[in-house]
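The block underneath contains the structure these notes are about, expressed in structure tokens.
Residues take their numbers from the sequence shown, with the count starting at 1.
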Amino acid sequence: MGRPREVRIRVPASSANLGPGFDSLGLALSLYDDLEVSVASDGVRVEVLGEGAGRVPCDDSHLVVRAMRTTWAVLGDAPSGLRLRCRNAIPHSRGLGSSAAAAVAGAVAAAVLSGRDPELERQVLLQVTAGMEGHADNAAASLLGGFVIAWEMQPGSGNNPDRFDAVRLDTHPGIRPVAFVAGVESSTKMTRGLLPDRVPLADAAFTGSRTALSVLAFTQRPDLLLAATEDRLHQSYRRPAYPESADLVDALRAHGVPAAISGAGPTVLALTSDGAVPGGIDTRGFTVVPLPVDRVGARVEIG
């Protein structure tokens with residue numbers, strides 16, 4: 001693979017946790033950030049359109065640029081200068097993986113501009129992006145597409161220096177996600193601060209069983225999703241941060257719709273079979289957006 005001077009990257013949003021799978025389950029969704037990158041003689045110039053415009057930095061501290069720099073620290077061949085145009089559709093701080101998508105876009109772009117095939121460098125890209133996030137669920141979903149199971153390895157396990165790993169599974173075609181995008185933002189750091197250091201053994205066992213069931217439900221048995229998305233590990237502790245979102249989850253589930261807080265919230269993800277929302281659900285304060293599963297992950301176009 002040669003070293004192109006321009007590359008375009010499209011990266012999907014993601015929903016993490018999916019109920020019980022805290023920091024381990026993720027789902028790629030058909031809402032995208034688009035990145036155009038070209039090599040320059042010197043300096044860094046960033047243009048941001050759409051989500052985040054006027055709010056995020058447009059210099060070396062931009063998340064995409066930081067991901068590119070981190071990737072080049074591993075792969076080498078960094079250019080002297082960069083020009084970036086980010087067209088963002090993924091809402092920021094809503095639980096749809098915007099920061100992971102930005103990191104994935106930057107890491108993939110850096111690999112391509114270094115003359116590397118991102119398909120062959122996926123493990124490197126996962127380490128970079130999951131390392132920036134501190135967990136691999138969102139990053140793996142945006143990178144790989146589909147339904148992912150991600151995990152962090154124990155230090156010193158074998159001779160593998162990698163910290164994170166993930167596998168992608170095909171999502172059952174009968175699952176049609178609908179996102180209820182909250183009109184307010186939420187801080188991942190703040191909501192993580194609401195979580196206890198310890199949970200009762202019965203709650204841990206309950207959540208572990210539902211996480212295992214999720215793998216079957218998302219890939220083969222969507223009729224089991226209502227049970228598979230039950231959680232006792234994190235959502236109830238985070239309820240004070242977004243009570244309206246928690247109430248919406250309860251209302252959807254009472255109507256038989258599998259639903260959970262998307263990532264750190266406050267967006268709610270419903271896993272419907274037809275893309276429809278039952279009547280009588282109060283969605284005030286939310287934008288209802290059908291978001292089919294993205295089955296490809298990060299896409300590259302060299303130009």
Side-chain angles (χ1 to χ4, degrees), residues 8-19 21 24-35 50-51 87-92 94-102 104-105 108 137-150 166-183 214-226 228-229 245 248-249 252-253 255-279 281 283 286-301:
R8 290 181 289 277
I9 311 293
R10 167 164 277 202
V11 181
S14 60
S15 182
N17 303 332
L18 306 175
S24 60
L25 299 182
L27 188 68
L29 301 170
S30 295
L31 182 66
Y32 301 96
D33 283 355
D34 292 292
L35 174 67
E51 296 289 339
R87 299 179 184 273
N88 300 334
I90 304 173
H92 289 196
R94 300 298 211 289
L96 288 170
S98 61
S99 61
V104 168
V108 172
D137 44 7
N138 287 109
S142 286
L143 181 64
L144 305 176
F147 172 72
V148 298
I149 307 168
V167 294
R168 176 197 180 281
L169 299 174
D170 288 329
T171 312
H172 191 281
I175 298 174
R176 298 177 61 182
V178 175
F180 297 78
V181 182
S214 292
V215 177
L216 177 64
F218 273 94
T219 57
Q220 300 179 48
R221 292 283 307 277
D223 58 299
L224 297 174
L225 278 170
L226 189 61
T229 50
S245 298
L248 178 56
V249 169
L252 287 163
R253 296 185 68 85
H255 281 74
V257 179
I261 298 294
S262 182
T267 291
V268 171
L269 188 72
L271 299 162
T272 76
S273 60
D274 56 6
V277 179
I281 300 290
T283 61
F286 298 86
T287 301
V288 183
V289 186
L291 291 179
V293 176
D294 174 277
R295 302 179 188 276
V296 178
R299 301 153 170 83
V300 176
E301 181 180 343

- prompt: Between the main-chain N or O of Pro12 and the side-chain N or O of Ser142, is there a donor-acceptor pair closer than 3.5 Å?
  reply: yes
message: Show every side-chain hydrogen bond (donor to acceptor under 3.5 Å, both in side chains) that has at least one partner inside residues 260-277, sequence neighbours left out.
response: Ser15-Ser262
- request: Identify the heavy atoms of His255 and Pro278 that sit nearest to each other, and give their distance.
  value: CD2-CB, 3.9 Å
message: Leu18 and side-chain contact (heavy atoms from CB on, under 4.5 Å): which single residue from Leu225, Asp137, Leu27 fits?
response: Leu27
- request: Might you work through the side-chain contact (heavy atoms from CB on, under 4.5 Å) test for Leu29 and Leu269, ending with a clear yes or no?
  value: CA-CA 11 Å; Leu29 301 170; Leu269 188 72; 4.1 Å; yes
message: Give me the atom names and distance for the closest heavy-atom approach of Pro258 to Thr229.
response: CB-OG1, 3.9 Å
Any donor-acceptor pair under 3.5 Å from Arg87 side chain to Gly50 backbone: no
task: Using atom types as modelled and distance alone, determine if a side-chain donor or acceptor of Ser214 lies under 3.5 Å from a backbone N or O of Ala228.
output: yes
task: Mind jotting down which residue pairs meet the salt bridge (Lys or Arg N to Asp or Glu O under 4.0 Å) criterion with at least one end in residues 288-297? Sequence neighbours excluded, please.
output: Asp294-Arg299
query: What heavy-atom pair brings Val108 and Val300 nearest, and what distance separates the two atoms?
result: CG1-CG2, 3.5 Å
message: Could you tell me if the side chain of Asp34 sits less than 4.5 Å from the side chain of Arg8, heavy atoms only?
response: no
message: For Ala270 versus Leu252, what's the shortest heavy-atom pair and its separation?
response: CB-CD1, 4.2 Å
query: Looking only at heavy atoms, what is the nearest atom pair of Ile9 and Val11, with distance?
result: CG2-CG2, 3.6 Å
task: List for me each residue that meets side chain to side chain donor-acceptor pair (under 3.5 Å) alongside Asn17, sequence neighbours excluded, and say none if there are none.
output: none
- line: Ala141 and Val148 have their tightest heavy-atom pair at N-CG2, 3.8 Å
task: Check the angle between the aromatic planes of Phe180 and Phe286 and answer parallel, tilted or perpendicular using the 30° and 60° thresholds.
output: perpendicular
query: Are any side-chain N or O atoms of His172 and backbone N or O atoms of Gly174, one a donor and one an acceptor, separated by less than 3.5 Å?
result: yes
